[in-house]
Every structure is written in structure tokens, then in C-alpha cells.
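If you read the sequence from its start, that first residue is 1, and numbering goes on from there.
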Amino acid sequence: MSDFAPVSTSHHRRGPERRLWITLVLAILLLAWTAGPVWAQDPATQASPDAVGAPLTFSIDGMNGTQGMDSALKIVLLMTVISLAPAFLILLTSFTRIVIVLGFLRQAIGANSAPGNQIIIGLALFLTIVVMSPTLTRVNQDAVQPFLQGNISQEDALKLGSVPLKEFMLAQVREKDIQLFLDMTGVETPDTPEELPMLVVVPSFVISELKTAFQMGFVLFIPFLIIDMVVASVLMSMGMMMLPPVLISLPFKILLFVLVDGWFLIVKSLVEAFH
């Protein structure tokens with residue numbers, strides 16, 4: 001026989017039910033406490049005893065007038081821009097080329113964890129700000145400030161703000177890439193490049209940046225590849241088959257990169273390539 005007495009199943013059932021009732025009572029008390037100040041602030045409810053059963057209404061100050069509506073739309077527009085900021089950063093700026101080249105550089109050296117991803121992304125972000133500062137200044141002067149001052153509408157602000165970005169992207173894009181997306185979208189070739197739609201300019205700019213970044217990455221790999229080949233040949237001639245060539249070549253590659261002041265040359269080349 002078991003030493004333990006059987007536990008009543010009704011006791012197990014009453015436990016969850018009791019917790020459920022306690023939770024409901026606490027929720028009702030919380031709602032009554034939070035709604036109490038709202039009812040107390042309503043002068044019509046306090047003045048008339050017949051208004052006790054009136055429905056509870058909510059209102060937002062500043063939404064009835066034109067100025068309040070404009071403020072609400074500005075907030076919505078600001079939240080939309082913030083949510084799309086990563087896409088804008090990747091697709092409309094120089095960030096893509098810079099971060100890919102820095103990634104190729106780390107891989108070419110052979111130090112897969114130095115510098116870390118946070119350092120590479122942070123450096124690429126600040127270099128992007130340096131490269132895009134003239135374009136962003138024009139966008140702020142031509143579109144953002146006039147819109148915030150109420151001198152232009154939202155549609156005009158979008159048109160004026162896209163002009164500097166389009167000029168920056170068109171300066172880096174290739175003609176065959178533009179023609180490719182013109183054919184894919186069925187858009188007729190305009191008379192001037194400024195009339196190209198963003199639907200064509202943005203993807204053309206992205207694939208052009210990818211090609212340029214891979215070309216720069218190939219050039220970066222060449223000197224480090226030569227060091228790997230020399231070290232591997234020396235180890236083979238010495239009969240040291242079991243020693244990994246990467247273990248020997250890594251210090252020499254780091255030494256070469258430091259002696260030629262590689263970070264200065266890389267950053268200078270990346271920034272000057274956009275001007």
C-alpha cells in the first residue's frame with residue numbers, strides 16, 4: 001500500500017479557478033482606479049446626476065484644428081521615416097559599398113574576428129555620414145526645413161528631397177544597369193537622366209554599388225594572396241606539410257598592412273571614390 005493519501009481532484013480544479021477569479025477582480029479594480037480620474041475630471045458628470053450612466057468618451061486635444069492635424073501628420077511621417085531608415089541607409093547611400101569593402105578587407109587579412117562586426121558597421125556608418133553630408137544638407141535645406149515651416153506640401157517635399165539623392169545615385173550608376181531596369185519595368189527612356197523614376201534608379205544604383213565593391217575587394221585580396229602563396233611555397237620546400245600556412249602568413253599580412261598605413265589608404269579611397 002502507498003504511504004501517501006490520494007489527493008482530491010476537486011482541490012486541483014479549485015486552485016486554477018480561484019486564481020482566475022482573483023485575476024479578474026484585480027483587473028476590475030485596476031480599471032476602476034485608472035478610469036476614476038477621467039470621470040472626476042469631467043465637469044458635466046459632476047454637475048448633473050443624470051449623467052452617471054452616460055457613455056465614456058475620449059478626445060485628443062489639438063486634433064480638431066488644422067494646426068493639430070498637421071502636427072499629427074508630421075508625427076506619422078516621422079515615425080514612417082524612422083521605420084524605413086535601415087532600408088534608406090542600405091539602398092540610397094554609400095553604406096553598401098563601404099561595409100562590403102571593409103568585410104572583404106577583414107577576410108583578406110585572415111583575422112575573421114578582428115575587427116568585430118560592430119566596429120566595421122560603426123566605421124561604415126560614420127564614413128557614410130561623411131560621404132552623404134553634402135547630399136543630406138541639400139535635402140534638409142530644399143525639402144525638410146520648408147516642409148516643417150509650412151511653406152510646401154508633403155508631395156512637394158518628397159519631390160524636392162529626392163532630387164539630391166537621385167543626383168548622387170546617378171553619379172555612381174552604370175548606363176547598362178539603368179537600361180536593364182528600364183526594360184524590366186517597361187518605362188520609356190526619358191530625355192534627361194533627372195526624369196528617371198526612383199523605381200529604376202534605386203535598384204540600378206544597388207547593383208552598381210555591389211559590382212564596384214566586389215572589384216575593390218578583388219584588388220584588396222591580391223597582395224595578401226601573394227603573401228599566402230609565398231609562405232605556402234616556403235613551407236612546402238622545407239617539408240613542413242603539417243604546419244598551416246595561414247598561421248605563419250597572418251603576422252606578415254598584419255605587418256604589411258600596418259607598414260603601408262592600410263586603414264588610412266582604405267578610408268581615403270572609399271571616401272574619394274564618391275567625389
Side-chain angles (χ1 to χ4, degrees), residues 70-102 120-216 266-275:
D70 291 342
S71 300
L73 290 177
K74 290 179 182 178
I75 294 175
V76 172
L77 181 61
L78 178 61
M79 296 301 296
T80 303
V81 172
I82 292 176
S83 62
L84 296 177
F88 292 156
L89 177 66
I90 296 174
L91 300 179
L92 304 181
T93 65
S94 59
F95 181 81
T96 301
R97 181 194 302 186
I98 295 174
V99 75
I100 291 177
V101 171
L102 294 179
I120 289 181
I121 295 176
L123 179 59
L125 180 60
F126 277 94
L127 291 179
T128 302
I129 296 175
V130 173
V131 172
M132 299 297 298
S133 58
T135 303
L136 297 179
T137 302
R138 289 185 53 191
V139 172
N140 183 51
Q141 294 177 353
D142 299 343
V144 177
Q145 294 302 324
F147 172 71
L148 294 179
Q149 296 173 3
N151 298 329
I152 58 176
S153 62
Q154 297 180 15
E155 184 178 358
D156 294 336
L158 291 176
K159 291 182 179 179
L160 294 175
S162 63
V163 172
L165 290 174
K166 188 182 295 185
E167 292 179 357
F168 170 79
M169 289 186 288
L170 289 175
Q172 313 298 328
V173 77
R174 295 176 174 84
E175 294 184 0
K176 64 177 183 179
D177 296 331
I178 294 179
Q179 189 61 45
L180 171 64
F181 285 97
L182 285 175
D183 298 336
M184 293 176 62
T185 57
V187 179
E188 296 182 358
T189 305
D191 298 332
T192 59
E194 289 75 13
E195 298 178 1
L196 288 168
M198 296 295 287
L199 181 63
V200 174
V201 176
V202 173
S204 303
F205 171 74
V206 172
I207 64 174
S208 297
E209 288 294 284
L210 291 175
K211 181 178 181 179
T212 304
F214 275 70
Q215 289 176 346
M216 298 180 69
I266 294 298
V267 171
K268 181 180 179 182
S269 301
L270 286 172
V271 174
E272 291 182 350
F274 290 97
H275 297 289

**Asked** Given the rule in the side-chain contact (heavy atoms from CB on, under 4.5 Å) test, do Val201 and Val173 qualify, once you have shown the distances and angles that lead to the verdict?
**Response** CA-CA 8 Å; Val201 176; Val173 77; over 6 Å; no
**Request:** Output the distance between atom CZ (Phe168) and atom CZ (Phe274), rounded to the nearest 0.5 Å.
**Result:**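 Here the interatomic distance stands at 5.0 Å.
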**Request:** Could you pull out all residues at least two apart from Gln141 that satisfy side chain to side chain donor-acceptor pair (under 3.5 Å)?
**Result:**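 For Gln141 there are no side chain to side chain donor-acceptor pair (under 3.5 Å) partners, ignoring immediate neighbours.
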**Request:** State which residues pass side chain to side chain donor-acceptor pair (under 3.5 Å) with Thr137; sequence neighbours excluded, sorted by chain then number.
**Result:**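 Per chain and number, Thr137 pairs via side chain to side chain donor-acceptor pair (under 3.5 Å) with no residue.
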Filter on salt bridge (Lys or Arg N to Asp or Glu O under 4.0 Å), then keep only pairs touching [range], sequence neighbours left out; what's left?
range            : answer
residues 160-175 : Arg138-Glu167
residues 79-96   : none
residues 266-275 : none

**Item:** side chain to side chain contact (heavy atoms under 4.5 Å, CB included) partners for Thr192, two or more places apart
**Value:**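 Result, side chain to side chain contact (heavy atoms under 4.5 Å, CB included) vs Thr192: Glu194, Glu195.
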**Prompt:** side chain to side chain contact (heavy atoms under 4.5 Å, CB included) with Ile120: which residues, sequence neighbours excluded?
**Reply:** Val99, Leu102, Arg106, Pro115
**Prompt:** Is the backbone N or O of Asp177 less than 3.5 Å from a side-chain atom of Ser204, with the two atoms forming a donor-acceptor pair by type?
**Reply:**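 Yes; at least one donor-acceptor contact below 3.5 Å.
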Taking only distance into account, with no hydrogens and no angle test, what donor-acceptor pairs under 3.5 Å do side-chain atoms of residues 90-98 form with protein atoms, sequence neighbours excluded?
unit_1, atom_1, unit_2, atom_2, d
Thr93, OG1, Leu89, O, 2.3
Thr93, OG1, Phe95, N, 3.4
Thr96, OG1, Ile90, O, 2.5
Arg97, NE, Glu209, OE1, 3.1
Arg97, NH2, Gln172, OE1, 3.4
Arg97, NH2, Glu209, OE2, 2.6

So do the side chains of [X] and [Y] get within less than 4.5 Å of each other, counting heavy atoms only?
X      : Y      : value
Leu270 : Val101 : yes
Phe147 : Leu160 : no
Leu165 : Ser162 : no

Counting only pairs under 3.5 Å, give me each side-chain donor-acceptor contact of residues 178-191, with atom names and distances, residues two or more places apart or in other chains.
unit_1, atom_1, unit_2, atom_2, d
Gln179, NE2, Asp183, OD1, 3.0
Thr185, OG1, Phe181, O, 2.6

**Prompt:** How would you list, by chain and number, every residue that makes a salt bridge (charged side-chain N to carboxylate O under 4.0 Å, His left out) with Lys159, sequence neighbours excluded?
**Reply:**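 Partners of Lys159 by the salt bridge (charged side-chain N to carboxylate O under 4.0 Å, His left out) criterion, ordered by chain and then number, come out as Glu155.
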**Request:** Grab the two heavy atoms, one from Ala143 and one from Ala157, that are nearest each other, plus how far apart they are.
**Result:** CB-O, 3.3 Å
**Message:** If the condition is ring-ring contact (aromatic ring centres under 6.0 Å, His included), which residues does Phe214 pass it with, not counting sequence neighbours?
**Reply:**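 Residues passing ring-ring contact (aromatic ring centres under 6.0 Å, His included) with Phe214: Phe104.
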Under 3.5 Å, side-chain donor or acceptor atoms of residues 121-128 against the rest of the protein: list the pairs with distances, not counting sequence neighbours.
unit_1, atom_1, unit_2, atom_2, d
Thr128, OG1, Ala124, O, 2.6

